[in-house]
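Report on one structure; see the data block that follows.
Model, not experiment: these values are computed from the prediction.
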Amino acid sequence: QVQLVESGGGSVQAGGSLTLSCVVSGNIKRPNTMGWYRQSPGKERELVARMTTGNNADYADFVEGRFTISRDSAKNTVNLRMDWLKPEDTANYYCHYRHGLPTMWYGIHNWGKGTLVTVSS
């Protein structure tokens, strides 16, 4: 198993920016995929963005070019820079790690405890 420690959540006004960070440790295997999911009341947890060991990135449609994911595989960190935030972005954001790739998964999901992002109008 792996451990994920998140930071950077907080409260911002609509149109503002926020950067989330995550440090992953433990039994990290490659190839792998790291990224961010989010969940708000009444909705299922959904993918926000993810990036593979080879730096191939995927974004949810609702991102609409506003967010940028990055990772440092040497340090086992993954960041999410969020710009032009909207009130509907308000949610708990969870760091995520999984052994494998979107084309072939080898391991189970591993989650951080979550960090709250609140966007006010």
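The closest side-chain heavy-atom distance from Val48 to Leu80 is below 4.5 Å. Counting heavy atoms from C-beta on, the side chains of Val78 and Cys95 come closer than 4.5 Å.
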Indicate every side-chain donor-acceptor pair of residues 18-36 with a distance under 3.5 Å to a residue at least two apart or in another chain.
| unit_1 | atom_1 | unit_2 | atom_2 | d |
| --- | --- | --- | --- | --- |
| Ser21 | OG | Asn79 | OD1 | 3.1 |
| Arg30 | NH2 | Ser73 | O | 3.0 |
| Asn32 | OD1 | Arg71 | NH1 | 3.1 |
| Asn32 | OD1 | Arg71 | NH2 | 2.9 |
| Asn32 | ND2 | Lys29 | O | 2.9 |
| Thr33 | OG1 | Gly100 | O | 2.9 |

In residues 82-89, what donor-acceptor pairs under 3.5 Å come from side-chain atoms, sequence neighbours left out?
| unit_1 | atom_1 | unit_2 | atom_2 | d |
| --- | --- | --- | --- | --- |
| Asp83 | OD1 | Ser17 | OG | 2.8 |
| Asp83 | OD2 | Arg81 | NE | 3.3 |
| Lys86 | NZ | Glu64 | OE1 | 2.9 |
| Asp89 | OD1 | Arg38 | NH1 | 2.9 |
| Asp89 | OD1 | Arg66 | NH2 | 3.1 |
| Asp89 | OD2 | Arg66 | NH1 | 2.6 |
| Asp89 | OD2 | Lys86 | N | 2.8 |

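Sorted by first then second residue, the ring-ring contact (aromatic ring centres under 6.0 Å, His included) pairs that include residues 48-72, not counting sequence neighbours, number zero. Residue pairs meeting the ring-ring contact (aromatic ring centres under 6.0 Å, His included) criterion with at least one member in residues 100-121, sequence neighbours excluded: Tyr37-Trp111, His96-His109, His96-Trp111, His99-Tyr106, His109-Trp111.
Counting non-hydrogen atoms of other residues, nucleotides and ligands closer than 6.0 Å to CD of Gln13 gives a total of 12 or fewer.
Once rounded to the nearest 0.5 Å, the distance linking OG1 of Thr52 with CG of Leu101 reads 6.0 Å. One distance of note links OH of Tyr94 with CG of Leu4; it measures 13.0 Å at 0.5 Å rounding.
Every residue two or more places apart in sequence or in another chain was checked for a salt bridge (charged side-chain N to carboxylate O under 4.0 Å, His left out) with Lys75, and none qualifies. With sequence neighbours excluded, the residues forming a side chain to side chain contact (heavy atoms under 4.5 Å, CB included) with Asp58 are Arg50, Pro102, listed by chain and number.
Remark: the backbone N or O of Thr118 is not paired with any side-chain donor or acceptor of Thr90 at under 3.5 angstrom. Of the possible polar contacts, none joining the Asn76 side chain to the Ala74 backbone as a donor-acceptor pair under 3.5 Å is found.
Annotation for Gln39 and Lys43: closest pair NE2-O, 3.2 Å, computed over non-hydrogen atoms.
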